[in-house]
Amino acid sequence: MTDAYLSICADCVTDHFLSEQIAASGKPGKCMSCGQEGQQCWPLELLAEHVRAVFDVDYCLREGVSPTAIVENLTGLSDSICEEILDRWGDITCLDDAEPADEDAFGSDACQADDIDAETLELQWRKIRAELLPAAPVLSDRVVV
């Protein structure tokens, strides 16, 4: 696939916070997931950066849990698109389900957050957003004319 078609629209991302971000700051384009043209889209590279931030903070890998499944859980996108996202990370070291003896890059204390509900995930997105966005300046309650 050429880079011109590597965009995802807000409607195809099931995470409420991410979808809103894409809708607010995306550019009209053709979505590689649904094929719709003129949708508010983010380049796959930008989506990959945002998903990676959550993946690194809230998730880690253990035997039997593929990174593709974790990204799919975070975004609601297809396996093939989730693999495209993982390809953009390039530096991730994952446990290979076929080779459970592979070294665990995240250490023996690593785990996956099981049964995380939508509200908890939304709170985590808000926390990350607050850390990434600059704080609004405090306005004086006096107006200077």
Do [X] and [Y] touch side chain to side chain, with heavy atoms closer than 4.5 Å?
X      : Y      : answer
Ile8   : Glu84  : no
Val54  : Gln124 : no
Leu44  : Ile85  : yes
Leu74  : Leu18  : no
Trp125 : His16  : no
Pro28  : Gln39  : no

Fill in: Qualifying residues under salt bridge (Lys or Arg N to Asp or Glu O under 4.0 Å), relative to Glu49, sequence neighbours excluded
none
Straight-line distance of [X] [atom1] to [Y] [atom2], nearest 0.5 Å:
X     : Y     : atom1 : atom2 : answer
Leu77 : Thr68 : CG    : OG1   : 12.0 Å
Cys41 : Leu46 : SG    : CG    : 11.5 Å
Leu6  : Ile81 : CG    : CD1   : 9.5 Å

I need the minimum non-hydrogen distance between [X] and [Y], along with the two atoms involved.
X      : Y     : answer
Glu122 : Phe17 : OE1-N, 3.8 Å
Ile22  : Cys9  : CG2-C, 4.0 Å
Cys34  : Cys12 : CB-SG, 3.5 Å
Gly26  : Trp42 : CA-CD1, 3.8 Å
Ser19  : Ala10 : OG-O, 2.7 Å
Lys30  : Ser7  : O-CB, 3.7 Å

Discussion item. Taking side chain to side chain contact (heavy atoms under 4.5 Å, CB included) as the definition, give me every residue that meets it alongside Glu72, ordered by chain and number, with sequence neighbours left out.
Written reply: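 If we apply the side chain to side chain contact (heavy atoms under 4.5 Å, CB included) test to Glu72, skipping adjacent residues, the hits are Asp79, Cys82.
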